[in-house]
Each structure stands twice: as structure tokens, then as C-alpha cells.
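Keep in mind it's a predicted model, so treat the numbers as computed, not measured. Residue numbering restarts at 1 for every chain, and letters A, B, ... go by the order of the sequence lines.
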Amino acid sequence: MATTTRRRTVELPEHPDFLWTARVTPKKVYDVIIIGGGGHGLSTAYYLAKNHGITNIAVLEKGWLAGGNMARNTTVIRSNYLWDESAGIYEHSLKLWENLEEEVGYEMFFSQRGVMSLAHSVSDLRAKARNYHANKINDIDSEWLTPEQVKEIAPIVNINPDVRYPVLGATYQPRGGIAKHDWVAWGYAKAAADMGVDIIQGCEVTGFDIREGKVHGVKTNLGPIAAQKVGMVAAGHSSVLANLAGFDIPIQSRPLQALVSELLEQVHNTVIMSGMVHVYVSQAHKGELVMGAGTDAFNSYAQRGGFHVIEHQLAAAIELFPIFERAHLLRTWGGIVDISPDASPIIGRTPVDNLFINTGWGTGGFKATPASGWTMAHTIATGEPHELNAAFNLERFVTGHLIDEHGAAGVAH
Amino acid sequence: MSNVTFKFDGVDYVGQAGDSLATALLRNGVLHFTDSTYRDRPRGIMSLWVDEPNALVNVDSGAGEPMVPATTVEITEGLVARSLAGIGDLPDTRDISRYDRAYRHADVLVVGAGLAGLTEAKKYADKGKTVIIMDDQPEVGGHAKQCGEVIPPELLASLTLENVTHLQRTTVIGTYDQGYAVAVERRTDHVSSKVSTDVARIRTWHVRAKHTVLATGAFQRPLVFANNDRPGIMLSHAAATYVERGVSKFKTAVVVTVDNQGYTDAIRLHKSGVRVLAIVDIRKKLSKASIKLARKPAEKLGIRILKGATALDTNGNLDGILSSVVVTDPKSGLNETISTDLLAISGGWTPTVHLATYIGIKPTWSNKRAAFIVRSKVKSISAVGMLAGDFVELEPAVYFGTELDETQALVAFVDHQRDATLRDLRRAVGAGMVSIEHVKRYTAIGTAHDQGKTSGTLTMGLIGNLVGLALDEIGSLTFRPPYIAVPFAALAGRERGLHTEPIRTTSIHPWHIAAGAPMEDVGQWKRPWFFPKPGEDLHAAVLRECRAARNGVAVMDASTLGKIDIQGKDAGEFLDQIYTNMFSTLKVGMSRYGLMCGVDGMVFDDGVTTRLGENHWLMTTTTGGAAKVMDWLEEWLQTEWPHLEVFCTSVTEQIATVAIVGPKSRDLLAMLSPGLDVSKEGFAFMENKYADVAGIPARIARISFSGELAYEINVSAWYGLELWNKVMELGAPLDVTPYGTESLHVLRAEKGFVIVGQETDGTQTPDDLGMDWIVSKKKDFIGKRSFSRSDTSRPDRHQLVGLLPDTSAFVIPEGSYFAEEQHKGATPPIPHIGYVTSSYFSGELNRSFAMALVHNGRARIGDRVAIGNETAVITEPIFVDKENVRRDG
Amino acid sequence: MLNIPCPYCGPRDETEFHYGACANIFYPEPASATDEEWSKFVFIRENPKGWHAERWVHSAGCRRWFNVWRNTITHEFGPTYKPFTEQPKRPA
């Protein structure tokens, strides 16, 4: 039989023998309850323990740990948002990312391979230029690329001027990149559990114990659990929880789909987003292409969307990257994203005392996992927002002080 | 049977027409197919169809495909394929194959043309329903046909009825809400190894069916024991089928089984001349029916039956290919090594539940069938055949594998593609993973190319054993579309190149192209950016165009602006709500500029609206905002103010607009429309007149976006090009100069006119833009209430001002942020106080200038700001003709 | 791809429609609305998990608005009702 050279893939790291205790019975009382065992909930618990020495915490997850949006994620990490407030929190997050694997002691395949955002029209260039200058004056790493420079960094991009919407330029954040979502969650979870945090899976909050405008605990399918402070960090169910606690939030829950290909030879070495051609793509260490675009158009808790959304982004992808023509669509999935009116998060106090909320990250929450937890932990521990999340309050929808990131959110990742 | 020559891993082989690549290679004795992805273990073909985990190939001939199971590739003359170790190639060459889509409605979609599917199809077809029946195999008949059964001719006959659409080689890859299904049909790969450019290689079917019948059958699953992954170990149904097709490599076989299927397949092997050395059946006791159906026939053929035993381990030759199997029964002490060429495993049937799960139907665990089956409670979906559990007579044991020690567990494979073993499962459970989804992510089981088609139920069963949960407590895995991998290009279909989005052009477009104007994409529209004369760059062209507009006459195609015809007795009152200023008081025949805000008080569009009659208006919007504004108007009329009698019609494409601009535009108009009173007194600013222009009926509006004397000539779009040609012809002595969007931008900026989307980003109020003058104090309008919110009424918001750089040739890059003067030359981070929205070089002023939004801007006229190493002074946002006299000419 | 039951045209593909969020939005009298009431109108929309009375407009068809009950978990549609008509009971 003839021998043949076959492409090989990267070794996957082995996970620790022990991560956390599978079945934990909740205690009757905790200092803090975090509702939601996703990336942000787990990082909140971690930073409460690490930064504030609060370890008598229960993280309540109604399903399996980090089984929501964290389990089905396209993992783009960057901090080059438009407004100072956004740049502040996302840049803090990026700085935390840069040290996270070491600090938490967990391999996350964090890779700063750069994030590029393509411009395809004169007005697109103009908007990106503003974003670029905003980043520069805030000392956030940002480069302005000509189409030729785009091609130098990412040879597989089609910069032919004769396509429907040719590449006219791009912004580029070299420090941006990707990380392996499940392992980020597990890293935080293990570190938090090691510090004494109880992670309770299969525990769904069904109500709140609120007396005289102050929260005293939650009701769950495993019984009531009392706590001094409660944080709601449950993307996809923020409105459900808020309504249970008796107040409204300006959130709509939408399906967000994404997809992967089979394992392929490494051809794509950075992350590229295009708002106008409406797709963004990266290639993971193992070799699969990871791709996504925008949400489906309607409210949903079904964790699935329509196939036409997938078809359009595949068509967009092969216009930008003709080499992907033969790649196979292997798997699609959907999550529930909580979108806010200004595409900016809501982290802070609620009308109920000692009840705090963290929501509204929409389609771009993964990159904020560290700073979201950091600032939420601060807010819970001190009762006051951190300077980095002070602007992301519920009040802004009454005062009008919105932080509109629809543009910078682009194809929103 | 005709011969087909093909190449695999560089070696030429001959197979039979109709063979899959797997069959053909087995025919040629190829057992060692490839080596595993992570542990380099020799692997061979295990299965028959898309569930094949090991034999993945990269097809190099034809269109080329990076990763396909060899069991699904039909050999053709000249096929070239290579074995893979888990990673596919992405060649740099274009795939020029043709791909397309088809859309169908049907009463019934039947997925699967095995016996169950065919029966259902006939049932509905006979009732006169429109039926589409799709099957992914090359031939009708599914499982039964593979076993050599004859398909009843009346079932086949119904496939040719007029109301039946029958497609083979068509895989339904996804099911979606309200009866939507997507399927992928392979049309040419089995015909020829050449690229197909005239016939679609793959067609994607979109079907909306009132009722969907799922008859997707089932796959066999393997068992877990030590060294269960050697070449020569196959699923029993596959093994028997390959042998029946004429694969003669195997002289001896041992069958290990948990159900009656193993006996069926053992007998098939025997009948094809393979010496079946033993049937190893984990089930000690059998029902009377099974003894009669399965055991007795096998015993009659002299096949040895080991009851209550199972496979523990296997041995291989020097190449790692199967040489013997170790059979044990811990209870009886049996421990026997049997030499054999083939080890055929029947681990139970796993119904193909995917399509049901995609739309939320949860499969239920059946102990009697040792399987997750589909029982649909949804009226519009039915499940039949093996999918619905139609195999209870096989009496499977709920059994997934032997008790193994640490060393054995290390080579007991659960997911061949991930080289994931029982040891990995044990570690996962020990680590705290409770959910099958956790285990998947911890071990990577089920995440490879086959997406767990063979490993799924096996994994769940093993976890159940490890954590002490029954399978109905664990629940089924989450499956996701697509059911099989599909090339990106196939799904993109014809949505390629210039067809990815419509191109909108005005009726004057051919002239712009002929003139060599570079075009700018404004949404889906193409607009001329500038009109360079030979040797001119953008800068030079814009200087010339603007000079013409300010000193002579220039002409622009303004047809892309949104136009909405608004009629009704309440139109004026309605416009008063939509715009920030008054429109109901506008005189018939006059135009007025208006600003629109959202309910949040932020400007989102603007335009000039003309009162054509008592109850008749024509609104213009920005080019990009037309559809949004149209929707906005209708939303308010239909959902908030239905009592208003107002009718809106989009007329953007029905009217062409040519603007003639400059001090000599009056002269040009006089030439175009002799007899029209074009005098300053006779044709006032913002007035409209009807007249023939170049012999074409037109409405002329004296509107100016440049600050110069100007007229916008509106004609039926059919005559747009004719009008333009006439303007160019008659304007030649006046050196009439066409100008594009770049000059348009410069001219209006010199006057300080905002462009929505450039000076605004959705966070500016009219007051921010210095346009308090356009905000009526007399009436309410949409968004007004938001102005009095605390942040919206802050006096020091970012306000629109002008900037004049101290270096007069320095054109500040648009989008630049700037700081207090003292920060000149400082290193970031620097606290900023604003950003530049528009910035140009003005030929008129012979210097650069800019518009900017500055914190507390209006109170800071005269202050300086620093942009990097440069500085600029804050001015009023108007630069040319501050008294606005030029617009009268 | 949802199949949306336009009460004017019959069931049509989702891509022919624009979504309008929840139905029954109360537009307060702007002059007398408090900041909170105004904020509620501008920004708060229901977001239930389950049956949701929502608005759609058939942009590529009759271009008319209508309301419909839809389940946000199963995507099943319930009864439609035209603007300014009585809302049918929430489906079971």
C-alpha cells in the first residue's frame, strides 16, 4: 500500500482530573447568590472571592454549568469600541485576558492573533476612521490598513475591486483574538470552587424573597436559599428574572446563530469581521472555521434560528474568502442573546435593594467575560458601581445618556 | 458490471460501476485505510454510509472536497482521492462548479425512501396529496434493499405519479419551524469525475410542507472493549452488505451481538461463503420468538453460539490489522481467543433522530429497544419505521460494553474520530462533568466530522453506567443541523459575485459610466463619486467641479434621494408630527427643509418636502434612509393614528432629479425651458414650478444644497437620461460641469449643512446640530418629549461647530478626535473634547476647513483645539457666503 | 424561516416581514408624561418566555401592520389580530 503524508492537527490539552463537585446541595444561606453559571456569572464569583475575599457564594445554574451562550460561542476578543465608557471596560477586560490563563491556572488557548474589521464603502471608511481615531487617542492599539495591507496580514482575503462590495480598507487591533470558551468557563469555575464557592447545577430560580423593596433570597426548584445580596447574570433570561423580581428592563432576547466547519488546514491566521458583507470568521487551533453574523430578527428563547441566516453568511464568507468555497458547513447552533437599545450592557443596581443585574451584552459578551465579572463583583461587594461600569446603569434610559455602540458593534462581536 | 479505474493514495485501483469508494477499496483488499488523528492508530472501514467514522477522504478530482466519508463517494472513471487523518485540504483554486437552489411547497414531505417511507408516500399520494419524497442513498429501498429484500412494486410505482416528486441522493440536512426543510441533492459527482459547470453539481432544496414524515431509519452502533478500533472490525450489517456485494477479503468472521440483528448478519455472511466461527451473544436468555427467529436458524447452519459472552479485547498483526478476538464470560470463566479476519459487531440500532430534535421533539428512551426513538406529539410531524422503534423484535440488551480495567479502558474507543476512549469518559465523570454536553466538551466526543453518529448513544449509555443514571434520566444529546456536512459554495447557490446584493442605478447611470466616473456604493445604490478629466485625481476633479458650481454651472444626478408621495386631507397635520418644524402652514407650490427625530429625540433623517397641492405632498429623504422613513410613516399611520387620512407611496424610482447649480444655472434653465419666468422675482427661493424642460414635463424646485443659485429638475424617470443629455448639450457653451458625491459633500460643508449619517450617528438632537431654529415651539412632534430628559437637555453636550486648522493646507483626517490646545503633541491617552465629522480642502477659500462636534462647542467659538501636532480654531459652522446671498444668484 | 400568518395575505415567509416587537405599546401623552413613563414608552418592551403578543409588518407584501400571538419557545403562531381590534385570549 502506498504511503501518503496526511495533515495532522494540534494536540488538545488534557483537562484536570477534578474540576468541581458534580452534585452540590445548596446551603440554606449564603452571603451572595449569583444567578447564572455562565462565563460572566462564574467570573463574577471568582472576582468576588479573589478581589473582595467573599467566598460564601452560591452560583445557581438552572442547566449544566456554562451551558448557555458560553457553550456555543464564536469567541471574538477585542476592545476597540467607539465610546470611552465602552473602551474602558473592554480594554480592562483585554488586559485581564492577557494574564488570565496564568492567574487562573487553566489552559484557554487564548490567542492574540488580531481582529480586523473591513470597510467596503466611503461611508463605511468614514465610520471606521472615527473609531480608529477614538481608539488612538485613548491609547488602544489600533491600526489603519489599506486593502494591500489587509492582504499582507490575511492573504486569503479577496481584495479584488470588481466584487459587489470591495474591501476599501480596515481597522485592526493586533491585541485582539480568540480563546476556547468552555475552558475559560471551566478555568473560572475551578478557581472559584477551589476558593470555596458553591456551584449548584440543575438549580432554577423561580422567584425572589423581596420585602420592603429589598431582596433577602431566592426561591428555587431545590428550595429557598437566603442571601444578603443577589446578582442576576443570566444572559437569555434577564427579562424573565427581572419580571420575577417585579421590575422591567429594556431588553429583548433574540436568537444568535453561529457555525463551524470541519477541521481544515490552517489558512486563516487572524479574526476578520465585515459589517457590510455581514459575516465574521476565525479559524480555531484545531482547524475548524468559526463563523457568525447577526441575530435573527425576532424574540426567541428557542436557541435556534432560520437557515436563511446561515446561507447568507456563507455566501458572504466565500465572497470575502474564496478559499472557503470547499469548506463544509459541519454544525450550526443558536443561543439567546439579550440586546439593549444602545447595544451596551447594563451592569449595576436595580429598583430592588441588594439586587444587582448584569445583562445587555447582546452578541458581544464573550470578550467582556473578565471585566464583566470584575465590575459586577465590585458592584455587589461594595453596593456601588465600579468606575468602569458606572455609566452602564439602568438610569441612562431615563436620563437619555445612552452609549450607542451599534456602529462599533458592526456585525456585533 | 463495468469496470471503473480510480486512484487512492496514489495507487490505481479498479472497482465496479456503482461501488462506493469504500466498497471498491474493500474489493481490492484495502483494510488499513488511514491512521487516527491523535494516536496514529491504524483504522479501517467500519460502516456503510454517512456514519462512517474512519474512512474519510479528500477528493482531489472534479470540484474537489476536503473531507467526505469514502462510503458516500461513488467511484467514477478518473476519481482521485486521498485518505485523511482528520484534517482536510483547502486548495487555492476556485471551485467553478455550478450550484443552485429550488423552492417547493408540498402537502407532504417524506424523508427516507426505505420501506416505511415508501409506504407513507404511497398512502398520501393515493389520496391525491402533493408529495415530495427524498432519500439520501443512490438507490431507493434503504435498509431492506441493502439486506437484499425486494421492494413491493406498487410502492415503486407510486414514485412515478404526477403528484409525487421523488429525489434520491438528496439529504434533508435541516428541519425548521412550520414545516420548513432544507435538503441537499448531489447531482453530478456520481456521473463523472469532471467539474460540472453547466449542470448544477449540488442543488439545495427548500421545502415548505404541511406535513412531514420522518422515515430516517437507524444506524448500528458499535460496542466498547479493548482494541475495538482495528481494521477488520466492522458493524455487522455493513460487513454482511459488503460481503454480499462481492468483497471477498474475509474468509472467517466472529459476530459479537446484543440483539437478533447479529444473527441475521451472521447468516448473510455464511450464505456468502464466509466461515462464521461464532456468534457471541451477551444475552443468556432469549424469548421464545427470538430463539425461533434468530438462534435456531444459526444453530441449524452449524454456527457456534456463545451465550452470555462478549468481546473483551482484540489482537492484531504487525500492521495492527485484526487477527483475533478475545471472548469472555466472567460468570462462566470463559476466556477464549478466536483467530478471525472479520469481527462484526451488532451493538444495537440507534434511530436517526436528528431531524426530529432540530425542531424540538425530544426522543424517548425505550429499554425494550435499547434506543432513543421518536414518538411525535406534534400534529404536523410523524415518525415511522425504525425511527419510531419498529425493531422491538430484535430484542436488544441494554448493553454498551465490557467491564474494563485502566489499561484496557485506555484503548477502548468511544469516538474513533477523536481517539476518545472509556478512560476519557471516566476522567470526565470524575472531574465533575454531569451532563452529556459537559462530557462532550471535556472529551471532544461527538464533535468531529461524524458528529457522534456512532458514538452518541454509546456515550450516553456508558455515562449512565458510570454515574448510575438510567438513559431516560440522562436524556438525549443535542443534535444540530446540518445532518451531514455541506460545502459552503453549495449553500451559497447563485448568491455569488454581483448577485449577492441588488445593484440600484438611476436612469442616468449609463452616462456616468461612459464618462468614466468612479462609482461610490451608497447602500445598494451606485452614485458617481467624481468625474475626473484625463490626468485628474480625486482632489483635482473636486476642485474643478466645485469651482464650476460656485462660478459657472454644474450638474448633478440627485435621483437616488428617497421620494415619498403623501396625499390625504390630514397629510399636513401628519407631517407636523413627523418633522420638527411646521408643514401644515406651507403654501402650495413651496418647498421646505425638514428634520426628523426618533422617539428618543435624535435626528435620524432629513430632506426637503414640497406641497404640491392642498392635500398633496412630496417628501424627500436621504438616499440611504428612504425605506426606513417610509416604514416609519406607515408605522405611525397604521398603529397609532389610523384616524388620519394619509396615503404614502414610494416614488423614489419613478422620478429622476437633475440639479443644475451655480450663478449661471438661471441662464441654463432659461435655455432648457424657454418661456419660463426664471427671474429672481418670478421664481423665488424654495418655489416650485411646472414647465417643460427640454421638452419634457417637469417640476422645477429652486432648492440649494450648495448655497448657490440652483434648481432641481424633476421628471419621470423614463426621461432622466434624455434630460441629462439635453442639459449637457445646451449647457456646453456655459461649460456645464457634472459633479459627484465628493463635490456635493464639499459644497454643502462650506455652508455648514449637515449630512445625516455623517454629522449625526443617531445620538444628536437638532439643538446639538445648531438647528434649534427648526424646532417648532408651537407644536408637539415625534421625539420632542425626549429633549427635556436630563442628559438630553444638558447645555454642554457635543455641539456642531466649524474648525479652521492653523496650518491652512492641513486637511484634518475625518473622524479625528481632538483635545484642548495644551495637549498639542502629547502622547495618548489624552482626554478628548470632540471629533471631526467632515473635513475638506476648499477651493473657494483656498484652505482647509472642517465641521466637528465639540463638547460645549457653541460656548467655545474662538478657542483652539489640538489634533496631534496640529492646532485649529473653533468657528461658527459656516465658511462660505455667510450672509446666504449667493442662493439668489 | 418562520411562516408568518399575515391576516391580509395568508402565510408567507419570514423574510417578507419586519419585526415590530411587542404589541399593545402605550404611547403616553408626551406633554404630561414623566421621565419614567416616557422612558418606558421609548425603551421598555415585553420579552416573555412563552406566548408573546407581537407586531409584524408585511414589508414585501401588503405593507400592513398586524399583531399576532407567537410562542417564543416553540415559535408556534396563535391567532392574529389587526391594529385597534380586541386582543384574542392568550393561547393555552
Task: chain A interface, residue from L491(B), D40(B), L90(B), D521(B) that has the most non-hydrogen pairs under 4.5 Å - done: L90(B)
Open item on the list: Can you tell me which portion of V277(A) sits under 4.5 Å from chain B's heavy atoms? Options are side chain, backbone, both or neither.
Closed with: neither
Task: Member of R441(B), K440(B), H438(B) meeting the side chain to side chain donor-acceptor pair (under 3.5 Å) criterion with D182(A) - done: R441(B)
Open item on the list: For the interface with chain B, which of W333(A), F324(A), W186(A) has the highest count of heavy-atom pairs at distances below 4.5 Å?
Closed with: W186(A)
Task: Heavy-atom pairs under 4.5 Å with chain B, option from E288(A), M276(A), R304(A), K128(A) with the top count - done: R304(A)
TODO: Go through the structure and list residues passing side-chain hydrogen bond (donor to acceptor under 3.5 Å, both in side chains) with T332(A), not counting sequence neighbours.
DONE: none
Task: Residues E107(A), K180(A): salt bridge by 4.0 Å N-O rule - done: no
Task: Leading residue by heavy atom contact count with chain A [cutoff under 4.5 Å; candidates P831(B), P828(B), G624(B), A431(B)] - done: A431(B)
Open item on the list: Tell me which of these, L264(A), V122(A), L314(A), has more heavy-atom pairs under 4.5 Å with chain B than the rest.
Closed with: L264(A)
Task: Heavy-atom proximity to chain B below 4.5 Å, by part of L65(A) - done: both
- [ ] State, with a plain yes or no, whether a side-chain heavy atom of K62(A) is found less than 4.5 Å away from one of C203(A).
- [x] no
TODO: Examine whether an atom of E501(B) lies under 4.5 Å from a heavy atom of chain A, and if so say whether it belongs to the side chain, the backbone or both; otherwise answer neither.
DONE: both
TODO: Against chain B, label A127(A) side chain, backbone, both or neither, depending on which of its atoms sit under 4.5 Å from a heavy atom there.
DONE: neither
TODO: Look at E265(A) together with R6(A) and state whether they make a salt bridge at an N to O cut-off of under 4.0 Å.
DONE: no
Task: Under 4.5 Å from any heavy atom of chain A - which part of S36(B) - done: backbone
Task: Contact origin within Y358(B) toward chain A - heavy atom pairs under 4.5 Å - done: backbone
Task: Ion pair check, R326(A) and D89(B), cut-off under 4.0 Å - done: no
TODO: Among the options K286(A), R130(A), K190(A), pick out the one with the most heavy-atom pairs lying under 4.5 Å from chain B.
DONE: R130(A)
Open item on the list: Any carboxylate oxygen within less than 4.0 angstrom of a Lys/Arg side-chain nitrogen, looking at D791(B) and R797(B)?
Closed with: yes
TODO: Among the options K136(A), H312(A), H120(A), Q313(A), pick out the one with the most heavy-atom pairs lying under 4.5 Å from chain B.
DONE: H312(A)
Open item on the list: Is A490(B) in contact with chain A via its backbone, its side chain, both, or neither, using a 4.5 Å heavy-atom distance?
Closed with: neither
TODO: Could you tell me which portion of Q417(B) (side chain, backbone, both or neither) has an atom closer than 4.5 angstrom to a non-hydrogen atom of chain A?
DONE: neither
Open item on the list: Does any backbone or side-chain atom of W144(A) lie under 4.5 Å from a heavy atom of chain B? Answer side chain, backbone, both or neither.
Closed with: neither
- [ ] Could you tell me which residues satisfy ring-ring contact (aromatic ring centres under 6.0 Å, His included) with Y99(B), sequence neighbours excluded, listed by chain and number?
- [x] none
- [ ] Side chain from CB out, backbone as N, CA, C, O: work out which of these in Y176(B) comes under 4.5 Å of a heavy atom of chain A, or both, or neither.
- [x] side chain
- [ ] Run the salt-bridge test on E325(A) and R496(B) with the 4.0 Å N-O cut-off and return the result as yes or no.
- [x] yes
- [ ] Let me know if D35(B) has heavy atoms under 4.5 Å from chain A in its side chain, its backbone, both or neither.
- [x] both
Open item on the list: For Y835(B), which atoms come within 4.5 Å of any heavy atom of chain A: side chain, backbone, both, or neither?
Closed with: side chain
Task: Centroid separation Y180(B) to H206(B) less than 6.0 Å - done: yes
TODO: Side chain from CB out, backbone as N, CA, C, O: work out which of these in V163(A) comes under 4.5 Å of a heavy atom of chain B, or both, or neither.
DONE: backbone
- [ ] May I ask you to decide whether R427(B) forms a salt bridge with D424(B), counting only side-chain N to carboxylate O separations under 4.0 Å?
- [x] no
- [ ] May I ask you to name which of S788(B), S435(B), P481(B), G64(B) has the most heavy-atom pairs under 4.5 Å with chain A?
- [x] P481(B)
Open item on the list: Other residues, nucleotides and ligands only: do more than 12 of their heavy atoms fall within 6.0 Å of CZ on R494(B)?
Closed with: no
- [ ] Identify which of V467(B), I830(B), T827(B), I484(B) forms the greatest number of heavy-atom pairs closer than 4.5 Å to chain A.
- [x] I830(B)
Task: Segment of T500(B) engaging chain A (4.5 angstrom heavy-atom cut-off) - done: side chain
Open item on the list: Quick check for you: among S97(B), S786(B), A489(B), P482(B), which has the greatest number of heavy-atom pairs under 4.5 Å with chain A?
Closed with: P482(B)
- [ ] Report yes or no: does E319(A) contribute a side-chain atom to a donor-acceptor pair with the main-chain N or O of G497(B) at less than 3.5 Å?
- [x] yes
Open item on the list: Salt bridge check, R126(A) against E814(B): does any charged N sit closer than 4.0 Å to a carboxylate O?
Closed with: yes
Open item on the list: For the interface with chain B, which of A22(A), A129(A), A327(A) has the highest count of heavy-atom pairs at distances below 4.5 Å?
Closed with: A327(A)
Task: L168(A), part contacting chain B, at a heavy-atom distance under 4.5 Å - done: neither
Task: Contact origin within D84(A) toward chain B - heavy atom pairs under 4.5 Å - done: side chain
TODO: Considering only NZ, NE, NH1 and NH2 on the basic side and carboxylate oxygens on the acidic side, decide whether K7(B) and D12(B) come within less than 4.0 Å.
DONE: yes
TODO: State whether a side-chain donor-acceptor pair under 3.5 Å links T763(B) with D404(A).
DONE: no
Task: Region of D600(B) that comes under 4.5 Å of a non-hydrogen atom in chain A - done: neither
Open item on the list: With no hydrogens and no angle check, just 3.5 Å: does a side-chain donor-acceptor pair link W64(A) and E437(B)?
Closed with: no
Task: Partner chain A: residue of A485(B), A63(B), G762(B) with the largest heavy-atom pair count (under 4.5 Å) - done: A485(B)
Open item on the list: So for P166(A), is it side chain, backbone, both, or neither that comes closer than 4.5 Å to the heavy atoms of chain B?
Closed with: side chain
